Amino acid sequence: MVLFDKTISSATQDLADLLRRDVWSIGYYEWLNLVRESVAYALDAINPNTDFPIMVRDFLDSVKSSLNQSSATIGSFEFAFGCTLFDGITPSPHRIGSVLLEARQDWLERKFADGAISSLMRERLLRAWNGQQNRKRKRTRDSYIEKSILSMSNDAPFICSVTTNSMTFGFGRQRAKIAARLALASIALLWNPTSKVLDKMNLVEDRTFRIINEISFQNRKIFLRESQVTLAGWAKVNRR
């Protein structure tokens, strides 16, 4: 284990600034954490008996190799957020740029057609959304995915999907949330007064302090994330 003192931390931050190239594909702090992990791994692997020039070369090669592997996570992701939209009506899917707003049943059928959701999970989700009780499942990855989808959609009749390209997962997730909120805000501008509409039109996770499960997809693979949020009424009060 490598413990970073102030000198190493400062040098690592300088190294992160020097190596950083594409500011649009990864967030700064996400990049800094990757560099710190790569530096720690490289320092731990150093042979103190090696000549200094060779030691420096091996260190930099190790850091760059680790960062190149981490850069492989840059790609296309689809993030899904439960949201409210219209009361009493179910409009057809509506796209605003990279944001796709769908009734949750339409979203489910699309992901089932993509092969991201199994037929069993599709049936169980439909039953749960219709208020029916499902039998308990064994604890498997599939059952956890089902639980996560229900967590983000049970009290949300619509799903807001956002596609990001050429970004890491973390940076893409941040941009996806901003895009989703702006899309809902732009729709709310069609009504008057807009502020009153925004009270009911929001992402599920923006309502209150809660633990939520986020869903994202890449090449038919599902990524799960559990997080705490303290954001309430973002579009209305415009603050964290």
Side-chain angles (χ1 to χ4, degrees), residues 77-96 98-137 139-164 169 172-174 176-185 187-188 197-218 220-235:
F77 293 91
E78 180 185 323
F79 298 87
F81 309 98
C83 68
T84 52
L85 197 59
F86 303 108
D87 289 333
I89 59 174
T90 305
S92 57
H94 184 69
R95 182 175 290 278
I96 303 176
S98 62
V99 180
L100 178 61
L101 295 160
E102 305 167 282
R104 61 187 182 186
Q105 289 86 352
D106 292 334
W107 174 85
L108 180 61
E109 295 304 325
R110 180 169 64 84
K111 300 316 297 182
F112 174 66
D114 287 347
I117 291 177
S118 66
S119 58
L120 175 60
M121 192 187 306
R122 171 180 172 272
E123 293 173 4
R124 289 176 61 88
L125 287 172
L126 287 173
R127 280 199 296 267
W129 287 340
N130 289 328
Q132 301 175 26
Q133 191 72 25
N134 280 313
R135 295 178 60 183
K136 288 187 177 181
R137 300 182 65 180
R139 291 188 177 182
T140 62
R141 175 174 172 78
D142 211 41
S143 66
Y144 186 62
I145 292 173
E146 179 185 314
K147 180 181 177 181
S148 298
I149 293 175
L150 288 174
S151 175
M152 69 102 174
S153 66
N154 241 354
D155 54 351
F158 296 90
I159 304 295
C160 181
S161 300
V162 186
T163 301
T164 62
F169 179 87
R173 174 176 166 268
Q174 294 174 8
K177 284 187 178 182
I178 293 173
R181 291 165 180 149
L182 290 176
L184 293 180
I187 293 176
V197 175
L198 285 173
D199 283 339
K200 297 183 178 180
M201 187 181 293
N202 49 43
L203 301 183
V204 169
E205 67 174 81
D206 287 350
R207 299 175 191 167
T208 184
F209 183 90
R210 59 185 292 182
I211 294 179
I212 62 164
N213 292 289
E214 298 175 4
I215 306 293
S216 57
F217 302 86
Q218 185 185 44
R220 299 183 181 179
K221 294 182 180 179
I222 298 179
F223 295 81
L224 304 175
R225 177 186 175 90
E226 185 176 77
S227 62
Q228 288 189 341
V229 291
T230 57
L231 197 59
W234 175 88

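Quick caveat, the model's predicted, so the values are computed rather than measured.
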Rounded to the nearest 0.5 Å, what's the gap from [atom1] on [X] to [atom2] on [Y]? Could you check?
X      : Y      : atom1 : atom2 : answer
Arg124 : Leu150 : CZ    : CG    : 8.5 Å
Thr163 : Arg95  : OG1   : CZ    : 6.0 Å
Cys160 : Trp107 : SG    : CH2   : 12.5 Å
Cys83  : Leu184 : SG    : CG    : 5.0 Å

Mind listing the closest non-hydrogen atom pair of [X] and [Y] along with its distance?
X      : Y      : answer
Phe81  : Met152 : C-SD, 4.0 Å
Arg104 : Ser153 : NH1-O, 2.8 Å
Val99  : Ala179 : CG2-O, 3.6 Å
Ile149 : Trp129 : CG2-CZ2, 4.4 Å
Gly82  : Ile159 : CA-CD1, 4.1 Å
Thr164 : Gly172 : CG2-O, 3.5 Å

(message) I'd like to know if Glu102 and Lys111 make a salt bridge, using a cut-off of under 4.0 Å between side-chain N and carboxylate O.
(response) no
(message) Taking Glu146 first and then Arg122, would you say they form a salt bridge - that is, a charged N and a carboxylate O separated by under 4.0 Å?
(response) no
[Y] side chain reached by [X] side chain, heavy atoms, under 4.5 Å:
X      : Y      : value
Glu109 : Gln105 : no
Ser119 : Phe112 : yes
Asn134 : Glu123 : no
Met121 : Ser143 : no
Arg127 : Gln133 : no
Val162 : Leu100 : no

(message) Donor-acceptor pair, distance only, cut-off 3.5 Å: does the side chain of Ser148 make one with the backbone of Tyr144?
(response) yes
(message) Going by side chain to side chain contact (heavy atoms under 4.5 Å, CB included), Leu125 matches just one of Asn130, Leu120, Leu108. Which one?
(response) Leu108
(message) Parallel, tilted or perpendicular, judged at 30° and 60°: which one describes the rings of Phe169 and Phe79?
(response) tilted
